[in-house]
Protein chains: 2
Amino acid sequence: MPPAHNGGDRPIAAAAPRGRRGDGRDPVDYRLARARAVPEATVARLATYLRVLSNLDDGSITTVSSEELATAAGVNSAKLRKDLSFLGSYGIRGVGYDVSTLTEEIARTLGLTVHRSVALIGVGNLGQALAGYAGFATRGFRIAALIDVDPARIGTMIRGLEVHSMADIDRVVVEQEVAIAVLAIPAAAAQEVCDRVVSAGVTSILNFAPVVLNVPAHVDLRKVDLAAELQILSFHETRKAAAVLTRAVDQ
Amino acid sequence: MPPAHNGGDRPIAAAAPRGRRGDGRDPVDYRLARARAVPEATVARLATYLRVLSNLDDGSITTVSSEELATAAGVNSAKLRKDLSFLGSYGIRGVGYDVSTLTEEIARTLGLTVHRSVALIGVGNLGQALAGYAGFATRGFRIAALIDVDPARIGTMIRGLEVHSMADIDRVVVEQEVAIAVLAIPAAAAQEVCDRVVSAGVTSILNFAPVVLNVPAHVDLRKVDLAAELQILSFHETRKAAAVLTRAVDQ
DNA sequence: GCTTGTGAACGAGTTCACAGCG
DNA sequence: CGCTGTGAACTCGTTCACAAGC
């Protein structure tokens, strides 16, 4: 991996298990420390498990087996059990998992028990759609600020939030305690805006611009490349079409 | 993996290398068959390489080394070379890769040399943003049809396209030769719509609804879960905060 | 020389299958 | 007896390091 770049598949080193300390104070949340290092692949699935659990929670079901939860999440049960085992031992043998306990533990692991404010940079088509996306609020995130560079947009209100100038980013990050920024801006502007956002103190970025961003090592970066998703599907379409031709020729 | 479900991490079995055939005809594109099975992880990166190459192509550069291309794509050069080696041997030792040849080979591998029409299902906030996303067109895809279930939207024009009813899906898929559908609809409706789209003949789906979809084995499914992306970043935020606390306590 | 292409070593992630326990 | 939790086997993906070849 090149220096100063975190790709989507960055190596992890999760909440380090602490050794014994001599003093009696306990300023660190031990429930975090107790968890073993959680593999990156597991973290990604925890979000799905949490969503499935919250659907279950509405009903009268108080307990789920790994088999039930795995089926609902679209994975196999061994994988689900291994995933959950990284959080600790919250299942009951012969019974299953308590829905509310498990929900709580996953939410804690994902850091959703604390306040998470998000700054949305870029309020074009995609940005406005993201600003109105209800799924963020229901799953633990508050869009705390909208920012754009277009003078025509600055000062306008979108979904109850005023659009600020990029010059306000430092103040916004501090005042709203923003740790996560979502970039919904053109590719050409993305690296510059990214640098600015990082210097304002943001330490996690979700990038929708189709460009490779370089960030310092302490900043986590994830990307959503919409066209790439279609291209991957296109690859498999080609493969399926070739398989049909191959079969036709073989017989 | 549960039956009849393809997750995002589906096992691959790419364009099967063909054995010798006795007849002289050659109805199958051998350039597809020539490529070895391409790992899923490689396919995902090919889209990035293609994008980076197309930026390079504008200039006067006709050749790139694996080191240059890898840096621009945010991967290391060994990985890039191994990725490209799955397509065949298109590099020149001591020199590098010819930009236009490589662009062509990657595009062919991803199936972008043929016409790819996409149906967009759901023209709410996100759907409209996707309908207007220029990146689809510039990277090989044409949004050929818009569909929604809301009677208020059906018949309206969005970006030059009329919004059709779900009842038109069968006709649209055939007439426009749609193989890929993008679902930008509420979670509650997603499985039903998905089933309908599959029965109309769509064989690849990109799902934006935060729900696990079940599809037949011949259908490829990818998902974009926006809230999950933020939750993954939130996990790492928690880890970083814990690391700071841990260090503070240790010293 | 310099850069590709790749076997081999390594590491991450998944699945198996069963011990451990309620 | 049923279901969790997990070592062990296995598969997939990455990195190393160097032979091959322009």
Side-chain angles (χ1 to χ4, degrees), chain A residues 1-3 5-14 34-46 48-49 61-71 73-99 101-102 105 232, chain B residues 1-3 5-14 34-46 48-49 61-71 73-99 101-102 105 232:
Chain A
M1 184 169 290
H5 178 270
N6 277 347
D9 309 310
R10 119 192 35 70
I12 52 117
R34 190 194 300 147
R36 283 169 278 179
V38 184
E40 189 64 20
T42 294
V43 174
R45 285 188 295 266
L46 288 179
T48 303
Y49 302 155
I61 302 132
T62 60
T63 284
V64 270
S65 69
S66 63
E67 191 60 46
E68 291 163 339
L69 190 52
T71 302
V75 301
N76 79 40
S77 63
K79 190 190 281 186
L80 180 127
R81 286 198 301 277
K82 182 141 281 190
D83 282 342
L84 296 185
S85 76
F86 291 112
L87 311 194
S89 191
Y90 296 110
I92 304 157
R93 286 163 202 248
V95 179
Y97 299 87
D98 179 75
V99 172
T101 305
L102 189 54
E105 289 304 327
I232 295 165
Chain B
M1 185 169 290
H5 178 269
N6 277 348
D9 308 310
R10 119 195 34 72
I12 52 116
R34 190 193 301 149
R36 284 168 278 176
V38 184
E40 189 65 19
T42 294
V43 174
R45 285 188 295 265
L46 288 179
T48 302
Y49 303 155
I61 301 131
T62 60
T63 285
V64 272
S65 68
S66 62
E67 191 59 45
E68 291 164 339
L69 189 51
T71 302
V75 301
N76 78 39
S77 63
K79 190 189 281 187
L80 179 127
R81 287 198 301 278
K82 182 141 281 188
D83 282 342
L84 296 184
S85 76
F86 291 112
L87 312 193
S89 191
Y90 296 109
I92 305 157
R93 286 165 202 248
V95 179
Y97 299 87
D98 179 75
V99 172
T101 306
L102 189 54
E105 289 304 327
I232 295 165

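Bear in mind that the values here come from a model prediction, so they are computed numbers and not experimental data. Numbers restart at 1 for each chain; the letters A, B, ... are given by sequence-line order, proteins then strands.
Here D:dT4 presents its C1' atom at 14 Å from CG of A:Leu87, a figure rounded to the nearest Å. Straight-line distance from the CD atom of A:Glu67 to the C1' atom of D:dG5: 15 Å, rounded to whole Å. The interatomic distance linking B:Leu84 (CG) with C:dT3 (C1') rounds to 13 Å, in whole Å. Between the CZ atom of B:Arg45 and the C1' atom of D:dC12 there is a distance of 12 Å, rounded to whole Å.
Nearest to the side-chain atoms of A:Tyr97 among the listed nucleotides D:dG5, C:dT14, D:dT14 stands D:dG5.
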_Between A:Tyr49 and A:Leu84, does the side-chain contact (heavy atoms from CB on, under 4.5 Å) criterion hold? Intermediate values first, please._
CA-CA 10 Å; A:Tyr49 302 155; A:Leu84 296 185; 4.2 Å; yes

*asked:* side-chain contact (heavy atoms from CB on, under 4.5 Å) for A:Val38 and A:Val43? Distances and angles first, verdict last.
replied: CA-CA 7 Å; A:Val38 184; A:Val43 174; 3.6 Å; yes

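With sequence neighbours excluded, the residues forming a side chain to side chain donor-acceptor pair (under 3.5 Å) with A:Ser66 are A:Arg81, listed by chain and number. For the side-chain contact (heavy atoms from CB on, under 4.5 Å) test, residues two or more places apart in sequence or in another chain that qualify with A:Ser85 are A:Arg36, A:Lys82.
Remark: B:Ser66 is in phosphate contact with C:dT4, judged by side-chain N or O atoms under 4.0 Å from OP1 or OP2. Taking side-chain N and O atoms only, B:Ser65 has no distance below 4.0 Å to OP1 or OP2 of C:dT3.
Checked by atom type, the side-chain pair B:Thr42/B:Asp83 shows a donor-acceptor distance below 3.5 Å.
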Polar-atom pairs under 3.5 Å, protein N or O versus N or O of nucleotides 16-22 of chain D: list them with distances, or write none.
{"from": "D:dA20", "atom 1": "N3", "to": "B:Arg93", "atom 2": "NH1", "distance (Å)": "2.7"}

